[in-house]
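Worksheet: one structure, shown below.
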Protein chains: 2
Amino acid sequence: MSKLNGDLEVLVEPSVEEAVKALRRGFSQGRLLLVIGPCTVDYEGRARSTLSLGERVIICKPDGSFMVHRPTGYEPVNWNPPGALASVYVEDGSLKLVSIRKRPPEKLVVNLSRVYLVASLKLEDSGVFALHASEEEMRRAVLIKPELIEEGFKPMEAERAIDGLEGYADLVGEDVEGNLVVVEFKRVTAGREAVLQLKQYVDALSSRTSRRVRGILAAPSVTKEGLRLLEQLGFKFVRLDPQVCYQLIKSASVKPSTGLLDYL
Amino acid sequence: MSKLNGDLEVLVEPSVEEAVKALRRGFSQGRLLLVIGPCTVDYEGRARSTLSLGERVIICKPDGSFMVHRPTGYEPVNWNPPGALASVYVEDGSLKLVSIRKRPPEKLVVNLSRVYLVASLKLEDSGVFALHASEEEMRRAVLIKPELIEEGFKPMEAERAIDGLEGYADLVGEDVEGNLVVVEFKRVTAGREAVLQLKQYVDALSSRTSRRVRGILAAPSVTKEGLRLLEQLGFKFVRLDPQVCYQLIKSASVKPSTGLLDYL
DNA sequence: GCCTAGGTCCCGTAC
DNA sequence: GTACGGGGCCTAGGC
């Protein structure tokens with residue numbers, strides 16, 4: 001099949017020399033490379049680390065991303081993000097994979113005495129990734145249906161940026177009595193930190209107006225300490241589920257076309 | 001070689017049926033599995049996502065970690081952390097890889113119409129990972145050499161926990177005048193958040209003592225807004241480099257034995 | 001380039 | 001189990 005005609009190259013138990021040839025070819029052709037074998041890893045940059053001998057999977061992506069994966073764990077044990085530059089060479093009979101990041105300066109060296117597998121692939125991926133139920137969607141849901149915050153709440157989208165140097169409130173609006181309201185959204189359980197953040201925006205806005213400024217935390221839940229701090233500061237908690245917000249947005253964005261069909 | 005005797009299995013362009021057999025065998029034997037091919041991905045859990053057709057690398061680790069990697073980017077586009085349960089089956093001639101996490105409930109479905117590569121590996125990794133230049137090492141460095149904070153500073157390690165319900169200060173001590181000092185460490189540039197955190201601990205401690213409580217932020221650098229807020233609150237910034245702290249700890253931990261040798 | 005804030009953050013640790 | 005804070009966090013969005 002087409003992928004076999006040069007788009008996929010697999011070497012099982014290659015010699016170090018064969019591996020380095022395949023990898024260099026892969027780098028120059030913008031391929032994704034997989035290397036598997038026993039290795040040690042040294043890292044030096046913002047921090048430092050060493051990793052003694054063990055069997056791992058190394059992934060080098062064409063954008064410079066570089067990851068060393070142990071047989072367990074979600075996270076790579078060592079890595080470089082996109083933009084790093086990878087190279088490969090032989091030293092003392094070992095395969096050395098080096099990934100270097102310019103800024104901040106970071107260097108990763110993987111030392112393989114033996115290689116179980118090298119795979120070199122030209123992958124195409126123009127797929128579209130769509131994520132829903134984010135904090136931003138909670139905000140959009142409240143713009144569509146302000147009573148999710150409280151009866152009579154009126155969002156003032158334009159005032160979102162309080163200063164530009166003092167951070168951004170998630171949403172600013174007015175309540176039914178004409179007080180200013182700062183809303184802080186969290187898509188997961190809100191803790192002390194979220195309340196402190198809210199206080200920061202309330203304080204910043206208070207110092208710029210003579211009107212009363214209220215604080216509202218909108219999240220699916222609050223921690224006990226978060227709630228205690230919230231009450232101590234005279235702020236309010238509003239339960240809001242990101243999944244419910246997503247459903248609301250979805251049905252709201254379908255409505256216009258439904259309305260159009262109804263009209264025709 | 002030893003790895004070839006059943007510890008490494010590679011299938012190039014297998015049929016969907018061959019792939020599912022190899023993957024099931026791999027799951028039951030606690031192997032790390034790599035699957036490469038064109039796929040779509042659907043996720044539903046704390047959030048939701050869809051990913052349309054493209055060529056990707058899928059990694060299933062024996063601890064349940066599950067990752068879908070696009071040809072670019074450091075992070076997997078979809079994933080489940082360790083503890084999830086993976087399974088595989090055929091539906092409508094497609095290979096379906098499913099990863100399910102119990103708590104929080106999350107489900108990931110990868111749909112491959114075709115498989116370029118399956119690799120199944122029994123990897124052993126008992127290597128030791130050691131990381132240096134962490135925030136904790138900054139704290140330890142200050143315990144060894146308190147003047148890194150300021151002349152006359154005396155750490156009081158036991159008082160680190162301010163309350164237990166209101167978080168922990170990184171370090172509490174006394175200055176040369178007998179005032180209490182709360183120190184907040186950051187291993188990277190400190191911003192507004194770090195200063196707010198420091199204020200939280202200073203306030204909590206202040207409410208429990210009649211002594212004056214000072215706040216000190218120790219980090220390699222501060223943002224402009226962080227510094228402004230710091231000065232506004234009457235706190236102090238102390239430049240402290242995590243790498244320098246690491247070097248200090250390293251040389252200090254060698255000294256005792258040197259001292260002993262000198263003595264003998 | 002710096003800075004701010006989110007994340008399906010993950011992760012360890014203390015309670 | 002919940003909660004809190006770190007992370008070589010990474011990443012996106014402003015300025």
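Keep in mind that the numbers below use all heavy atoms, side chains included, and drop hydrogens, waters and symmetry copies.
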Round to a whole Å and report the spacing from NZ of A/Lys224 to P of C/dC15. 16 Å

C1' gap between C/dC9 and C/dA5, integer Å: 13 Å

Separation of D/dG8 P from B/Tyr246 OH (nearest whole Å): 14 Å

Quiz question: by atom type and distance under 3.5 Å, do the side chains of A/His132 and A/Lys250 form a donor-acceptor pair? no

Compare side-chain N and O positions of B/Tyr74 against OP1 and OP2 of D/dG8 and report whether any pair is under 4.0 Å apart. no

OP1 or OP2 of D/dC4 versus the side-chain N and O atoms of A/Thr223: is any pair under 4.0 Å? yes

Between B/Lys96 and B/Glu91, does at least one N-O distance fall below 4.0 Å, as a salt bridge requires? yes

Given atom CZ of B/Phe185 and atom P of D/dG8, what is their separation to the nearest angstrom? 17 Å

With distance as the sole criterion, is a donor-acceptor pair present between the side chains of A/Gln243 and B/Arg46 under 3.5 Å? no

When we call it a touch if two heavy atoms are under 4.0 Å apart, what does A/Gln243 touch: a base, just sugar-phosphate, or nothing? nothing

Considering only heavy side-chain atoms of A/Arg192, the closest of C/dT4, D/dC4, D/dC10 is D/dC4

For D/dG5, take OP1 and OP2 only and decide whether either is under 4.0 Å from a side-chain N or O of B/Tyr201. yes

Is the aromatic ring of A/Tyr43 within stacking range of D/dG8, meaning centres under 5.5 angstrom and planes under 30 degrees? yes

Check the side chains of A/Ser52 and A/Thr40 for a donor-acceptor pair under 3.5 angstrom, ignoring hydrogens and angles. no

Counting only distance, no hydrogens or angles, is the base of C/dT8 paired donor-acceptor with the side chain of B/Asn80 under 3.5 Å? no

Under 4.0 Å between any heavy atoms, over every strand shown, what does B/Arg101 touch: base, sugar-phosphate, or nothing? Just pick one. sugar-phosphate

Under 3.5 Å for both donor-acceptor distances, Watson-Crick or wobble: does C/dT13 have a partner, and if so which one? D/dA3

In terms of side-chain heavy atoms, does B/Tyr43 have a donor or acceptor partner in B/Glu106 at a distance below 3.5 Å? yes

Base, sugar-phosphate alone, or nothing: which one does A/Pro76 contact when heavy atoms must sit under 4.0 Å apart? nothing

Nearest-Å distance, CZ (A/Arg139) to P (C/dG7)? 13 Å

Side-chain N or O of B/Arg103 versus OP1/OP2 of D/dT2: is the shortest distance under 4.0 Å? yes

Of the nucleotides C/dA14, D/dG5, D/dG8, which has the atom closest to the A/Glu193 side chain? D/dG5

Correct closest heavy-atom pair for B/Leu108 and B/Asn80 would be CD2-N, 4.1 Å

Nearest to the side chain of A/Glu75, which nucleotide is it out of C/dC3, C/dC11, C/dC9? C/dC11

What nucleotide among D/dG7, C/dG6, D/dC4 has an atom nearest to a side-chain atom of A/Asp170? C/dG6

Closest-nucleotide ordering on DNA chain D, the 5'-leading residue of A/Ala190 and A/Leu108: A/Ala190

When all nucleic acid strands are considered with a 4.0 Å heavy-atom cut-off, which category describes A/Ser49: base, sugar-phosphate, or nothing? nothing

Most 5' of B/Ala133 and A/Pro82 on DNA chain D, judged by nearest nucleotide: B/Ala133

Determine: side-chain N/O of B/Lys186 to OP1/OP2 of D/dG5, distance under 4.0 Å, yes or no. no

d(CE, B/Met138; C1', D/dG8) in whole Å: 14 Å

Are any of A/Arg46's side-chain N or O atoms less than 4.0 Å away from OP1 or OP2 of D/dC10? yes

Among the nucleotides C/dC9, D/dG14, C/dC10, whichever has the atom closest to the side chain of B/Pro81 is C/dC10

Please report the distance, rounded to the nearest Å, between CD in B/Glu136 and C1' in D/dG8. 17 Å

Write down the distance between CG (A/Leu196) and P (C/dT4), rounded to a whole number of angstrom. 16 Å

Validation row: B/Val41, B/Thr50 side chains within 4.5 angstrom (heavy atoms): no

Return the nearest nucleotide to the side chain of B/Glu135; candidates are C/dT8, D/dG6, C/dC10. D/dG6

OP1, OP2 of C/dC9 versus side-chain N and O of A/Arg187: anything below 4.0 Å? yes

Would you kindly compare B/Arg48 and B/Thr189 by the position of their nearest DNA chain C nucleotide and give the one closer to the 5′ end? B/Thr189

With a 4.0 Å cut-off on heavy atoms, is B/Gly45 in touch with a base, just the backbone sugar-phosphate, or nothing at all? nothing

Measure the distance from CZ on A/Phe129 to P on D/dA12 and round it to the nearest whole Å. 11 Å

Counting just side-chain N and O atoms, does A/Gln197 come under 4.0 Å of either OP1 or OP2 of C/dG6? yes

Thinking salt bridges, do A/Arg139 and A/Asp170 make one under a 4.0 Å N-O criterion? no

Within the structure, does a side-chain N or O atom of B/Trp79 lie under 4.0 Å from either OP1 or OP2 of C/dC10? yes

